[in-house]
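Everything numeric in this text was worked out from a predicted model, so none of it was measured. Order of the sequence lines fixes the chain letters, A, B, ..., with proteins taken first and strands second; residue numbering starts at 1 for each chain.
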Number of protein chains: 2
Amino acid sequence: MAYTDAITALSDPTRRAVFERLRAGPRPVGEMAATLPVSRPAVSQHLKVLKDAGLVEETRHGTKRFYSVRRDGLDELRRWIEGFWDDVLAAYKEAADDHDRSKD
Amino acid sequence: MAYTDAITALSDPTRRAVFERLRAGPRPVGEMAATLPVSRPAVSQHLKVLKDAGLVEETRHGTKRFYSVRRDGLDELRRWIEGFWDDVLAAYKEAADDHDRSKD
DNA sequence: CGTCTGTGTAAGCCATGGCTAACCGTAAGC
DNA sequence: GCTTACGGTTAGCCATGGCTTACACAGACG
């Protein structure tokens, strides 16, 4: 059920903004909070949710903590969508075949 | 910003359950509500959200309304994840390269 | 036309959860 | 050992939104 945690975590706009900050690589909390319209504790809370959802991981360097995207977490979500996508295409194709047969 | 609507719509468990019912093809509202733990109006409301998010489309047959997955909507979400995924891999590779260079 | 079937809509209740402010813990630098 | 920098945690407030019940509406059928 991990992909559901990922979707839930990414449903919040602020949390997506936090996550987007990690697109290009690891970032410390304070740096991200400085470019966001919410307080640092809020960012910290969002990072906790992202971490619990398996989308993010933490690396400590002294008193700083760098957060980065956890690729396995993102990949689970990716695979769910691919699977859904495949099923939808298959159902669509099957419906088209049925329609073709009905025309005989 | 359409993929954000898709993620927001899919963040609710019940709404995901509704959406999953459409994996294998079009379904009328009542049939879906019968296999879900919520009332029919609730399902109707969820379908409205999914429709507004571009994830679902409606086809009327007499008094019945068949809902089906709208492929364009799902594809937008798919592409966002693919793009994010590519960026993360690129950032990871770049970091590895930097690390290699620093070892000279 | 009446009625039954299938569904959307409106009002109101209540739980979830995101935000801030205040506080606590820990590593670094002197 | 103080102080400062960097962040996680808690308490409490308030908006969002999902659910049900009651109502409205359109097409099929006699």
At a heavy-atom distance below 4.0 Å, what parts of residues 11-36 of chain B sit against DNA chain D? Asp12(B), Thr14(B), Arg15(B)

Can you sort out the partners of Glu58(A) under side-chain contact (heavy atoms from CB on, under 4.5 Å), two or more places apart, ordered by chain and number? Lys51(A), Arg60(A), Arg65(A), Tyr67(A)

What donor-acceptor contacts under 3.5 angstrom involve side-chain atoms of residues 24-34 of chain B, with partners at least two apart or in another chain?
{"residue": "Arg27(B)", "atom": "NE", "partner": "Glu31(B)", "partner atom": "OE2", "Å": "3.4"}

Results of side-chain contact (heavy atoms from CB on, under 4.5 Å) for Asp75(A) - residues two or more places apart only: Arg78(A), Arg79(A), Trp85(B)

Sequence neighbours excluded, which residues qualify as salt bridge (Lys or Arg N to Asp or Glu O under 4.0 Å) partners of Arg23(A)? Glu20(A), Asp87(B)

How would you give the extent of chain A contacts on DNA chain D, as first and last nucleotide 5' to 3' within a 4.0 Å heavy-atom cut-off? dC6(D) to dT10(D)

For DNA chain D, the residues among residues 45-66 of chain B that have a non-hydrogen atom under 4.0 Å from it: Gln45(B), His46(B), Gly62(B)

Quick one: side chain to side chain donor-acceptor pair (under 3.5 Å) partners of Lys64(A), sequence neighbours excluded? none

Applying ring pair (Phe, Tyr, Trp, His ring centres under 6.0 Å), name anything that partners Phe19(A), two or more places apart in sequence or on another chain. Phe84(B)

Determine which pairs satisfy ring pair (Phe, Tyr, Trp, His ring centres under 6.0 Å) with at least one residue from residues 27-49 of chain A, sequence neighbours left out, and list them in order. none

Any residue meeting side-chain contact (heavy atoms from CB on, under 4.5 Å) with Ser44(B), in chain and number order, not counting sequence neighbours: none

Residues which pass side-chain contact (heavy atoms from CB on, under 4.5 Å) with Arg16(B), listed by chain and number, not counting sequence neighbours: Tyr3(A), Thr4(A), Ile7(A), Thr8(A), Leu10(B), Pro13(B)

Does any part of the side chain of Arg70(B), heavy atoms only, come nearer than 4.5 Å to the side chain of Leu50(B), both counted from C-beta? no

